[in-house]
Amino acid sequence: MMSHIIIKLSLFLFLLPMVGKSQAVADLIDIAKNNNLELKALQREYEAALEIAPQLSQLPNPEVSLGGFVAPVETRLGAQSFRIGASQMFPWFGTLDAKAEVAMSSALALRERVASRALELSYEVKAAYYQWYELDRSQTIIRRNLNLLKVLRQLALTRVESGKGSAADVLRVDLKIDEMEEELTILERTKDKPLADINQVLNRPLSSPIRIQDSLTFTVLPYNKDTLASYIRANHPMLRLFTMQQETAKRKMALNTLDGKPAFGVGLDYIMVTPRSDATPMNNGRDIFQLSARVSIPLYRKKYDAKEREEQLKIAALQDRKSDTESLFLATIEKAYTDHEIARLRQGLYTQQKATTEAAIRLLTTEYSTNGRRFDELLLLEMDLVNYDLKTLKAIVQSQLAKARIERYIAF
């Protein structure tokens, strides 16, 4: 237990820098946890399940019977007029408590579904936000480079006006400017998709705007994989759910054993006797009180044997599902580490290539201004510069997504 606390504290401390830098994401996640309808429904289902245990811990309802005689039954002390009785059944000792424990165990399993869905919501918000962020920042990059192209166009136009340049150079720049302006329009429309995903999860109008509070930077993965795997095995709600469902199955087996025991009942009947008028025997018209006892004997055992086998098979199936889910989680984490490393390598490459490209652009700009040569190469390098900026942005977002996929399995 202490080791789990230490692991959880370590993971929390590692996450503090992320929370500080991505407050916008944290705010959206808080809204989702408070407003998401699916999460609310799961929470209410859990709360409803908690109310089942008190229902099952009660004795069966007592039975009251009332009867009259079509023809009075004559006895020595008078005629029996009507009968009223009450009875109560009692299950085997501990049966009611066992039923309540089964219900409570099932309810607690539903609580793990709530926690698991909350983790999924956090990941869905992050994934959609990072997608939206990439599109929005891509527009910023394109606008910045669009301004550079306009400067380059003015340079080409100036040379044409001075008789030292070619009008074709101006047309080439115009084509690129038109292309980038169209790309801006496409990106603006594309942003509607992740925006709708975010707002749907947050249960608010799909067109509600969001804003960027901070710029994302390339993130690191401060987790030890072995420690992370141990933590997930012990703490992930879905894995705990399978464990609790297995415990519920075991409780059902214990309850099945108790159900196979006899049940007992006691009763009391009162019979009203009308006094005789033709004679006066001792205790004439004395009413009758009758005590009764009953036993329900579960003679047919096949259903109890079948129930035992059913729960045993459920336990085995849940263990298989738990192992498969755990394997899926760890495989996803392993792939996230790989994606993060690829993003790191690409960011380093693009940063280096961008620096080289900027140096080449400065040289070619000077050469073109001087003698009007190599304009095609200059224009191509300007477009390469845009691509390197966009690729660097994608690498940063990919690093954040890789971290989000790992944190998808970390519960706090």
Practice item. For N36 and V201, indicate whether the former's side chain and the latter's backbone hold a donor-acceptor pair under 3.5 Å. Key: yes
Practice item. Could you tell me which non-hydrogen atom of L77 sits nearest to which non-hydrogen atom of V273, and how far apart they are? Key: O-CG1, 3.7 Å
**Study point:** Heavy-atom donor-acceptor pair, Q400 side chain to T217 backbone, under 3.5 Å
**Key:** yes
Revision key, fill the gap. Note: A360 and L381 closest approach over all heavy atoms is CB-CD1, 3.7 Å
Exercise for review: Decide whether S215 and R137 meet the rule of one side-chain donor and one side-chain acceptor closer than 3.5 Å.
Suggested key: yes
Exercise for review: I would like to know whether R346 and K391 meet side-chain contact (heavy atoms from CB on, under 4.5 Å); could you show each step before the answer?
Suggested key: CA-CA 8 Å; R346 284 176 173 170; K391 289 178 178 180; over 6 Å; no
Check your understanding: Are R321 and D324 close enough for a salt bridge, meaning some N to O gap below 4.0 Å?
Key -> no
Check your understanding: Quick check: does any side chain N or O of N145 sit under 3.5 Å from a backbone N or O of L148, one acting as donor and the other as acceptor?
Key -> no
Review point. Between I410 and L119, is any pair of side-chain heavy atoms under 4.5 Å apart?
Key: no
Practice item. Using the side chain to side chain donor-acceptor pair (under 3.5 Å) rule, collect all pairs that involve residues 253-262, keeping only residues at least two apart or in two chains. Key: none
Exercise for review: Report the distance from atom CD1 of I198 to atom CD1 of I31, rounding to the nearest 0.5 Å.
Suggested key: 10.5 Å
**Study point:** Inter- and intrachain pairs under salt bridge (Lys or Arg N to Asp or Glu O under 4.0 Å), touching residues 351-364, at least two apart
**Key:** K354-D389
Exercise for review: Please test L379 against L152 for side-chain contact (heavy atoms from CB on, under 4.5 Å), starting from the C-alpha separation and ending with a verdict.
Suggested key: CA-CA 8 Å; L379 184 59; L152 186 61; 4.1 Å; yes
Point to revise | Donor + acceptor pair across side chains of Y223, E407 (<3.5 Å) | key: yes
Exercise for review: Output the distance between atom OG (S87) and atom CG (N61), rounded to the nearest 0.5 Å.
Suggested key: 11.0 Å
Practice item. Please work out which of the three classes, parallel, tilted or perpendicular, describes the rings of F329 and H236, given edges at 30° and 60°. Key: tilted
**Study point:** Heavy-atom side-chain contact between D339 and L401 under 4.5 Å
**Key:** no
Exercise for review: Check the pair E382 / K176 against salt bridge (Lys or Arg N to Asp or Glu O under 4.0 Å), numbers first and verdict last.
Suggested key: CA-CA 10 Å; E382 288 286 359; K176 294 300 181 182; over 6 Å; no
**Study point:** SB check E326 K322 (cutoff 4.0 Å)
**Key:** no
Practice item. Give the minimum heavy-atom separation between V25 and V125, together with the two atoms involved. Key: O-CG1, 4.5 Å
Practice item. Report yes or no: does N235 contribute a side-chain atom to a donor-acceptor pair with the main-chain N or O of Y231 at less than 3.5 Å? Key: yes
Review point. Where the side chain of Q88 meets the backbone of P60, is there a donor-acceptor pair that is under 3.5 Å apart?
Key: yes
Review point. Is there side-chain contact between E181 and I142, with at least one heavy-atom pair below 4.5 Å?
Key: no
Review point. Are the side chains of P194 and L135 in touch, meaning some heavy atoms are under 4.5 Å apart?
Key: yes
Practice item. Sequence neighbours left out, what passes ring pair (Phe, Tyr, Trp, His ring centres under 6.0 Å) with F218? Give chain and number order. Key: H340
Check your understanding: Taking all atoms of both residues into account, what is the closest heavy-atom pair of V386 and I141, and its distance?
Key -> O-CG2, 4.3 Å
**Study point:** Under 3.5 Å donor-acceptor, S323 side chain and D320 backbone
**Key:** no
Review point. Any side-chain heavy-atom pair from V266 and F90 closer than 4.5 angstrom?
Key: yes
Study note, to complete from the structure: Interatomic distance, CD1@I186 vs CD@E183, rounded to 0.5 Å, equals 5.0 Å
Practice item. With salt bridge (Lys or Arg N to Asp or Glu O under 4.0 Å) as the test, would you mind laying out the steps for D192 and R189 before giving the verdict? Key: CA-CA 6 Å; D192 291 341; R189 294 305 306 271; 3.6 Å; yes
Practice item. Would you indicate whether the side-chain heavy atoms of S106 and M244 approach each other to under 4.5 Å? Key: no
Check your understanding: In Å and rounded to the nearest 0.5 Å, what is the OG1 to CD1 distance from T75 to I288?
Key -> 6.0 Å
Check your understanding: Quick one: salt bridge (Lys or Arg N to Asp or Glu O under 4.0 Å) pairs with a partner in residues 105-119, sequence neighbours left out?
Key -> E38-R117, E112-R240, R117-E124
Point to revise | Reference residue Q246; test side-chain hydrogen bond (donor to acceptor under 3.5 Å, both in side chains); the match among K314, R251, Q319 | key: Q319
Practice item. State, to 0.1 Å, how close P91 and A263 come at their nearest heavy-atom pair, and which atoms those are. Key: CA-CB, 4.2 Å
Point to revise | Polar side-chain atom of Y133 near backbone of L216 as donor-acceptor pair, under 3.5 Å | key: yes
Review point. Any chance NZ of K40 has more than 12 other-residue heavy atoms, nucleotides or ligands included, within less than 6.0 Å?
Key: yes
Check your understanding: Yes or no on side-chain contact (heavy atoms from CB on, under 4.5 Å) for L187 and D136, after CA distance, side-chain angles and deciding distance?
Key -> CA-CA 8 Å; L187 289 173; D136 185 79; over 6 Å; no
Review point. Atom CD of Q353 and atom CG of N387: how far apart are they, to the nearest 0.5 Å?
Key: 10.5 Å
**Study point:** Those residues that, when tested against S208, pass side-chain contact (heavy atoms from CB on, under 4.5 Å) (two or more places apart)
**Key:** N199, R204, P205
**Study point:** Salt bridge present between R44 and E47 (N-O < 4.0 angstrom)
**Key:** no
Exercise for review: Tell me yes or no: between the side chains of S399 and T219, is some donor less than 3.5 Å from an acceptor?
Suggested key: no
Check your understanding: Among pairs that include at least one residue of residues 295-305, which meet side chain to side chain donor-acceptor pair (under 3.5 Å), considering only residues two or more places apart or in two chains?
Key -> none
Practice item. Starting at CH2 of W92, measure out to CG of L258 and round the result to the nearest 0.5 Å. Key: 9.5 Å
Check your understanding: Tell me, do L184 and M180 make a side-chain contact under 4.5 Å, heavy atoms counted?
Key -> no
Revision key, fill the gap. Nearest heavy-atom approach of T357 to Y388 is OG1-CE1, 3.2 Å
Practice item. Report yes if the side chains of I315 and K250 come closer than 4.5 Å at any heavy-atom pair, otherwise no. Key: yes
Exercise for review: Say whether, by atom type as modelled, one donor and one acceptor occur between the side chain of T332 and the main chain of L328 under 3.5 angstrom.
Suggested key: yes
Practice item. May I have the step-by-step check of side-chain contact (heavy atoms from CB on, under 4.5 Å) for N35 and L202, ending in yes or no? Key: CA-CA 6 Å; N35 295 352; L202 270 57; 5.6 Å; no
Check your understanding: More than 12 non-hydrogen atoms from neighbouring residues, nucleotides or ligands closer than 6.0 Å to CZ on F289, yes or no?
Key -> yes
